[in-house]
Amino acid sequence: MTFSLERASCRLNTAYGDFQMHGFKDLASGLEHVALCLGDVASPPPVLTRMHSECLTGDAFGSCHCDCGPQLRGALQAIAKEGRGIVLYLRQEGRGIGLLNKIRAYALQEQGADTLDANRLLGLPADARDYGVAAAMLAELGATSIRLMTNNPTKIDSLQAHGITIAERVPLQVGRNRRNGAYLDTKAHRMGHLFDVLREPSDE
């Protein structure tokens, strides 16, 4: 699939450093995404990259029910330390199901469903995200070989299918707390995410 993107750019001073911010609009879907870039991301060697899906509750409100906010901050810190890298911020709230459906899924989780079954009870896929637009954004930036910060092998497979070379997977295992342990373990045991530390399904 070919993506047609509209682009606007500016400098963004942050607590993590001075980034170049590129806004991309997918003209087919109308969704707007952001790439935060530090340093020369187009030249070799492969650039450290985080592909982060929007999570209003975790990124902005500090929710303890997921690890999204700590992952975003951890990625920015890692890139700042390295002095070069990209954060793609993708407008795919709730693993692509949207904010209202995410809130509905949270309500089902309050009743005992896990993060996977909550989506299915709503008649929705466990993960509705499409990373084709992310690959198109990376190509626009000239970053076709990357070191991807992720625990999710599906992201690796998707980017590779769209022509992006994954030179290395860099684990990003931050943000576990007493409230999100079951959520993270569900992602590991039922969705194939890669974690060094997790509980067995039988653990209380």
Side-chain angles (χ1 to χ4, degrees), residues 5-26 31-96 99 102-103 106 129 131 133-143 145-152 155 159 164 166-181 183-184 187 193-197:
L5 301 175
E6 180 182 345
R7 178 174 172 178
S9 303
C10 70
R11 187 173 180 177
L12 184 70
N13 302 320
T14 78
Y16 306 96
D18 295 342
F19 287 77
Q20 192 71 14
M21 181 168 68
H22 304 279
F24 292 91
K25 182 175 183 178
D26 177 0
L31 291 177
E32 297 174 336
H33 311 279
V34 166
L36 283 181
C37 301
L38 186 66
D40 181 2
V41 300
S43 65
V47 62
L48 187 63
T49 300
R50 167 67 181 168
M51 187 164 61
H52 188 90
S53 296
E54 177 182 33
C55 176
L56 178 67
T57 49
D59 298 340
F61 299 152
S63 169
C64 294
H65 295 280
C66 65
D67 56 343
C68 300
Q71 283 192 321
L72 178 59
R73 293 186 291 275
L76 289 166
Q77 289 167 355
I79 287 169
K81 182 177 180 180
E82 187 147 315
R84 177 174 178 261
I86 302 170
V87 170
L88 299 182
Y89 196 84
L90 307 175
R91 307 300 298 277
Q92 299 189 123
E93 179 73 55
R95 297 200 301 269
L99 181 58
K102 176 181 175 178
I103 293 171
Y106 271 12
R129 289 173 292 185
Y131 300 112
V133 68
M137 292 165 65
L138 289 170
E140 283 277 329
L141 296 168
S145 180
I146 65 173
R147 296 163 52 227
L148 185 64
M149 287 185 279
T150 187
N151 307 319
N152 184 355
K155 291 184 177 183
L159 286 180
I164 302 298
I166 309 300
E168 179 187 1
R169 182 185 78 87
V170 180
L172 186 59
Q173 300 182 10
V174 294
R176 177 179 281 268
N177 61 62
R178 63 183 180 83
R179 295 188 178 181
N180 68 13
Y183 162 82
L184 296 178
K187 290 206 297 184
H193 291 215
L194 305 173
F195 294 99
D196 293 335
V197 178

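FYI, the numbering just counts along the sequence from 1. Because the structure is predicted, anything quoted here is derived from the model rather than measured.
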Quick one, T57 and H65 - any side-chain contact, counting heavy atoms below 4.5 Å?
no

Taking the side chain from N151 and the backbone from P171, do they hold a donor-acceptor pair closer than 3.5 Å?
no

Minimum heavy-atom distance L12-M21, with the two atoms named
CD2-SD, 4.0 Å

Minimum heavy-atom distance F24-L5, with the two atoms named:
CD2-CD1, 3.9 Å

Option passing side-chain contact (heavy atoms from CB on, under 4.5 Å) with H52 (candidates L90, V34, L88, D59):
D59

I need the E6 CD to E32 CD distance, nearest 0.5 Å.
8.0 Å

Report the C-alpha separation of D67 and R176 in whole Å, then their side-chain angles, then the decisive distance to 0.1 Å, and conclude whether the side-chain contact (heavy atoms from CB on, under 4.5 Å) test is met.
CA-CA 6 Å; D67 56 343; R176 177 179 281 268; over 6 Å; no

Side chains of C55 and K102, heavy atoms from C-beta outward: is any pair under 4.5 Å?
yes

Less than 4.5 Å apart, any side-chain heavy atom of C64 and any of N180?
no

For the residue pair L36 and I86, establish whether any side-chain heavy-atom pair is separated by less than 4.5 Å.
no

For R129 against G96, the heavy-atom pair lying closest together
CG-N, 3.8 Å

To check you understand the geometry: which heavy-atom pair defines the closest contact between A42 and L141, and what is its length?
CB-O, 3.5 Å

For R73 against G58, the heavy-atom pair lying closest together:
NH1-O, 4.5 Å

Looking at E93 and L56, would you say the former's side chain and the latter's main chain have a donor-acceptor pair under 3.5 Å?
yes

side-chain contact (heavy atoms from CB on, under 4.5 Å), paired with L38, selected from I79, T14, L76:
I79

Is any side-chain heavy atom of L48 less than 4.5 Å from a side-chain heavy atom of R84?
no

Please round to the nearest 0.5 Å and tell me the distance separating atom CG of L31 and atom CG of D26.
6.5 Å

Do D40 and V47 come within less than 4.5 Å of each other through their side chains, counting heavy atoms only?
no

May I ask you to test the H22-C37 pair for a side-chain heavy-atom distance under 4.5 Å?
yes

Tell me whether the count of non-hydrogen atoms from other residues, nucleotides or ligands lying under 6.0 Å of CZ in R91 goes above 12.
no

Minimum heavy-atom separation for M149 and R50, please, with both atom names.
O-NH1, 3.1 Å

Only residue of N152, I164, L148 satisfying side-chain contact (heavy atoms from CB on, under 4.5 Å) with M51 is L148

Salt-bridged, E82 to R147, with N to O below 4.0 Å?
yes

